[in-house]
Amino acid sequence: MLSLTAYSGVAQIGGNQVLVEDGDTRFFFDFGLPYAQRYLYFEEYLNPRPGAGLLDPLEMGLLPPLKGIYRDDLEPPGSDLWARFSSRPGFRELSVDGVLLSHAHMDHAGYISFLRPDIPIYTSPTTAFVLKAMQDSGKSDFEKETCYIVPRRANGYVLAADKKAKAQGRPYRLLAPDRPGPAADQFWGSAPGGRGLDGVPLDLGQHVGGLRVRHFPVDHSIPGACALGVETSAGWVLYTGDLRFHGRRGRSTRQFVEAASALRPVVLLGEGSNVGEAAGTTEEEVYANARRVVDGVRGLVVADFAPRNVERLQAFHRIAVETGRKLLLLDRDIYLLRALHLAEPSAPDLTADPCVRLYNEPRASEPGWLREVRSWVGERMVSREDIHRDQAAFILCFSFFDLNEFPSLRPAPGSTYVHSSSEAYNEEQAMDFRRLLNWLEHFGMDFVGDSHLHHRFRDTGQCPSGCPFCSAPQGTVHLGPGFHASGHASGGELVEMIKAIHPKVFVPVHTEKPEYFREALAGTGIEVHLPQAGVPMALP
Ligand SMILES: [Zn+2]
């Protein structure tokens, strides 16, 4: 019998952890970090304690109480974890055959970190390599051990990284027709630091437990995203992951819809992040709007977009080529681009592109991954002094968290900050946006970005003094919309997609408005089942 249990991602965006059970086969669609739930209790400086392992995430409901699926080395010393959590609603003992992972965003992949290191992860080569690049070049963080784990051992009452142990790789099963080449194997098996990595060689995956798996590349704001399907005893069960139609890979999403409808699925699990919103700006419009702006800038251009949004990076690369500027990337971006090229050798290798430069940020130490980046770019490194001297020669790809480089860079007045990211969702992000405006005002820089950011501040009376929207002379601020494109399809597009696929049952996840689909699909013959967190649904 087929049964689905959504543990997270129910009536909230992100944190998908959907257990599928069919006979003896059990697997998850995604195992994400549930941001909404996490923000209820934690923030930047108040975090789950690495020394307490599984205790904090289990206690605060970030992980479901499922004994048998988590890392043994994260059981906190001196306590019987499961004696405590066995009375939680939904507690079960469980073993699973794998996680089918749709893409590398942390709200879908992040909490793989807590799973036993022998549970196979089925995903696209690109998603696997994006995760490896992120983990290698990021800060060590026990909530982000998606590709390999650093074993912990009890040190008194706390868990600490075992100094002598090698990192231990997770088994990844690639959803691809062919194995990647030797260079990809080498990247996968290499350790980023001095610890060493006990890696698990990459393998291909066609079955999870006894069931056939299919994947369908889709368009989303990160490369490698795919929808997934499993042929169960009741028929095909499909899962959209996150998707959209308005990026460069929109055709892939349409091909998924066609292929999915041909399978006559019994169940479709689907995202609904943007229901209630009209179709917004497309990636092509973002390119055109940003191009117009860069044409008129005589100083430095700073482009701010989400770090793994490679399609946006490619748009700014195109603009750099067309306007005779060089595209300046951070070391971790170059490392990610190289990983992408290894996963998909047919894609152009931007790290070797003559227009691309490495922003040479001095660092106190040089870990292995950084040494590699510097060897790839060779002479194509640019210092802060080079940039200061010749500001009109560059487009610098930065995020908010790189603003503290400005005192060294000294952007000239009239330089422009292109804000090509999503709007502030919460108070913390709103405060960061005010800080951003303060930085720009300090250096006399112009801001370009979507206007709703500003309206939100004005409406709440939180506009900082010197806000360029309020006080700058006309002409220095370009108001959008049009500098950011969402990673998600609109409600209308999703409804059309579901009607075309025509599953027997549609189950909305990754949405704050699951009821929307009840109304929108009424009279179509498609049943809409709204999941309840942790409660199994027998299907169909
Ligand atoms: Zn996503």
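Just so it is clear, the values below take in all heavy atoms, side chains as well, and ignore hydrogens, waters and symmetry mates.
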Residues 497-506 vs side-chain hydrogen bond (donor to acceptor under 3.5 Å, both in side chains), sequence neighbours excluded, gives none
Applied to residues 14-23, the side-chain hydrogen bond (donor to acceptor under 3.5 Å, both in side chains) test, sequence neighbours excluded, yields N16-Y239, E21-R26, E21-R92, D22-S233
Salt bridge (Lys or Arg N to Asp or Glu O under 4.0 Å) filter on E271, not counting sequence neighbours, yields none
Contacts of R71 meeting salt bridge (Lys or Arg N to Asp or Glu O under 4.0 Å) (sequence neighbours excluded), chain-then-number -> D73, E145
* Taking the side chain as every heavy atom from C-beta outward, state whether S102 and F29 have any atom pair closer than 4.5 Å. => no
**Item:** Note, T240 side chain near V218 side chain (heavy atom, < 4.5 Å)
**Value:** no
Would you please indicate if the ring centroids of [X] and [Y] are separated by under 6.0 Å?
| X | Y | answer |
| --- | --- | --- |
| F316 | F305 | yes |
| F398 | Y359 | yes |
| F27 | Y122 | no |
| H419 | H484 | no |

In terms of relative ring orientation, are F517 and F506 parallel, tilted or perpendicular, with 30° and 60° separating the classes? tilted
| said: Please verify the inter-ring angle class for H103 with H108; under 30° counts as parallel, over 60° as perpendicular, anything in between as tilted. | reply: tilted
The complete set of ring pair (Phe, Tyr, Trp, His ring centres under 6.0 Å) pairs with one or both residues in residues 240-259, sequence neighbours excluded, reads F216-F256
- Does CZ belonging to R179 count more than 12 external heavy atoms closer than 6.0 Å? yes
- Query: Would you say D24 has more than 12 foreign heavy atoms packed within less than 6.0 Å of its CG?
  - Reply: no
Residues 201-213 vs salt bridge (charged side-chain N to carboxylate O under 4.0 Å, His left out), sequence neighbours excluded, gives R212-E231
Residue pairs passing the salt bridge (charged side-chain N to carboxylate O under 4.0 Å, His left out) test with at least one member in residues 252-263, sequence neighbours excluded, are none
In R318, R249, R244, the residue satisfying salt bridge (Lys or Arg N to Asp or Glu O under 4.0 Å) with E311 is R244
Could you work out, with side chain to side chain contact (heavy atoms under 4.5 Å, CB included) as the rule, every residue matching [X], not counting sequence neighbours?
| X | result |
| --- | --- |
| V535 | Q532 |
| P367 | S365, W369, L370 |
| S221 | H105, N309 |

Residues at least two apart in sequence or cross-chain that pass ring-ring contact (aromatic ring centres under 6.0 Å, His included) with Y70, listed by chain then number, are none
Across all chains, not counting sequence neighbours, the ring-ring contact (aromatic ring centres under 6.0 Å, His included) partners of F129 are F187, W188
Check ion pair D349-R338 (N to O, under 4.0 angstrom): yes
